[in-house]
Number of protein chains: 2
Amino acid sequence: MKVSATEEHGLRCLMRLAIAWKAGESVTIPEVARCEGMSPPYAAKLVAMLRRADLVRSVRGVKGGVGLSRAPESITLTQAMSALAGSPVRTGPCMGPEGVRCDRQGTCGLRGVWDRVTTVVTGVLDGVTLADLVANGRSEAGGGDSRSGVAAPARWSSEPRA
Amino acid sequence: MKVSATEEHGLRCLMRLAIAWKAGESVTIPEVARCEGMSPPYAAKLVAMLRRADLVRSVRGVKGGVGLSRAPESITLTQAMSALAGSPVRTGPCMGPEGVRCDRQGTCGLRGVWDRVTTVVTGVLDGVTLADLVANGRSEAGGGDSRSGVAAPARWSSEPRA
DNA sequence: ACGAATCTTGACAAAACTGTAAAGATTGCC
DNA sequence: GGCAATCTTTACAGTTTTGTCAAGATTCGT
């Protein structure tokens, strides 16, 4: 199993936007790119995927920029990974919607295994929010359910840029 | 996250070898390929990877063939996936042995998340053996710890082919 | 109205992954 | 010894994934 480059880089963009949200600032795509060490066009592409999933909101024009569409506390990694890869865990050619070939009686116990893997991974990912990821100091790899305070001040739509 | 085609197809080869083990038979690579619906050269490549990890034993020559190197009850999916992909779960460019870029204070909570994902996935994969995968009927997606009987009769090295 | 800053989109090149092919090595049988 | 069956290895083409590029669209300030 592998977490793709797109997933990891997309998550980093989201983390940067979560930091900006907490600081009450707005950022541009080139800024995100510079902070995360990637090229502006690449960051733009990733942010576009996240925007199509409604995780990110963008404003065009000279005072424009990008930001989370809601509080980082309310965005889970399951949602983020789904936006970046279609589904948090994808299985090989034998499974999937059209999973034919698996009909052979008794010879394909793989499906049950992948289902269980999907369940436990989703469980972990559901328990982590963007706010957890950017929480400095300890507990960044901690318990899981740390949906604490900071109840989403409507920053973005009102004051697009500092 | 995605399970690769190599992992899935390699696992299917192993399942076929586990079936042959239980039946007390020896098989050739073309037979494995036919049973699992892949080309003989592809099956050969996958079996070679598994052999290098000592999960599979092979005998060349006219009476040759391939088989598991030990009982299917004693081969876990963690071991199989490691043989096929280096590690049961691989993370992106930001992590890994040389995982530089993650040193930025507080901005990289991803490491802890991937560690936890690795832990839970490995937990599931450790609890499933090749014997579980080829056990017909129910419990193929069941509890996990079903290391029942069949204590590895030394079939392979003694009688290479039926 | 014009121009600069910014996001949006689609096409494209580079890299990694999948699967195929061909030549080589080993063994058993005659 | 020679032939056929079988595994082994390396090289290769096809496909998907990654990341870049360029042209277009939108907004703000003047």
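As a basis for the values below, the full set of heavy atoms in this structure was taken, side chains included, without hydrogen atoms, waters or symmetry mates. Just so we're on the same page: letters track the sequence lines, and every chain starts at 1.
- Residues forming a side-chain contact (heavy atoms from CB on, under 4.5 Å) with Ala85(B) (at least two apart in sequence, or on another chain): Glu7(B), Arg90(B).
- Residue pairs meeting the side-chain hydrogen bond (donor to acceptor under 3.5 Å, both in side chains) criterion with at least one member in residues 78-89 of chain B, sequence neighbours excluded, are Arg70(B)-Gln79(B), Thr78(B)-Asp126(B).
- Straight-line distance from the CE atom of Met49(A) to the P atom of dT17(D): 11 Å, rounded to whole Å.
- Both Pro41(A) and Pro41(B) lie near DNA chain C, and the one whose nearest nucleotide falls closer to the 5' end is Pro41(A).
- The salt bridge (Lys or Arg N to Asp or Glu O under 4.0 Å) contacts involving residues 38-49 of chain B comprise nothing, where partners must be two or more places apart or lie in separate chains.
- OP1 and OP2 of dC7(D) both lie 4.0 Å or more from every side-chain N or O belonging to Arg51(B).
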Check nucleotides 15-19 of chain C against the protein and report each pair of N or O atoms closer than 3.5 Å, with its distance, or say if there are none.
from	atom 1	to	atom 2	distance (Å)
dC17(C)	OP1	Lys2(A)	NZ	3.2
dT18(C)	OP1	Ala5(B)	N	3.3
dT18(C)	OP2	Thr6(B)	OG1	3.0
dG19(C)	OP2	His9(B)	ND1	3.2
dG19(C)	OP2	Tyr42(B)	OH	2.2
dG19(C)	N7	Lys45(B)	NZ	2.9
dG19(C)	O6	Lys45(B)	NZ	2.9

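- By the side-chain contact (heavy atoms from CB on, under 4.5 Å) test, Ala83(A) is found to be paired with Leu50(A), Ala53(A), Leu55(A), residues two or more places apart in sequence or in another chain being considered.
- What separates CG of Leu50(A) from P of dT9(C) is a distance of 13 Å, to the nearest Å.
- Pairs engaging residues 62-86 of chain A under the ring pair (Phe, Tyr, Trp, His ring centres under 6.0 Å) rule: none recorded [sequence neighbours left out].
- Take Thr119(A) and apply the side-chain contact (heavy atoms from CB on, under 4.5 Å) test, not counting sequence neighbours, and it matches no residue.
- Proximity of Arg52(A) to the phosphate of dT9(C): a side-chain N or O atom is located under 4.0 Å from OP1 or OP2.
- Put simply, CZ on Arg16(A) and CD on Glu36(A) are 4.5 Å apart, with the number rounded to the nearest 0.5 Å.
- If you find the closest nucleotide of DNA chain D to Met38(A) and to Ala48(B), the one lying nearer the 5' end belongs to Ala48(B).
- The nearest whole Å value for the distance from the CG atom in Leu84(A) to the P atom in dT17(D) is 14 Å.
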Anything under 3.5 Å between a protein N or O and an N or O of nucleotides 23-30 of chain C, put it in a table, one pair a line.
from	atom 1	to	atom 2	distance (Å)
dT27(C)	O2	Val62(B)	N	3.3

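- Contacts of Ser69(A) classified as side-chain hydrogen bond (donor to acceptor under 3.5 Å, both in side chains), with partners at least two apart in sequence or in another chain: none.
- Not counting sequence neighbours, the partners of Ala5(A) by the side-chain contact (heavy atoms from CB on, under 4.5 Å) test are His9(A), Pro93(B).
- In this view, Arg51(A) satisfies the salt bridge (charged side-chain N to carboxylate O under 4.0 Å, His left out) rule with no residue, not counting sequence neighbours.
- Taken over five-pair windows at either terminus, the axes of the helix from dA1(C)-dT30(D) to dC30(C)-dG1(D) are inclined to one another by 0° (rounded to 10 degrees).
- For the side chain to side chain contact (heavy atoms under 4.5 Å, CB included) criterion with Leu14(B), the lone passing option out of Leu133(B), Leu77(B), Val56(B) is Val56(B).
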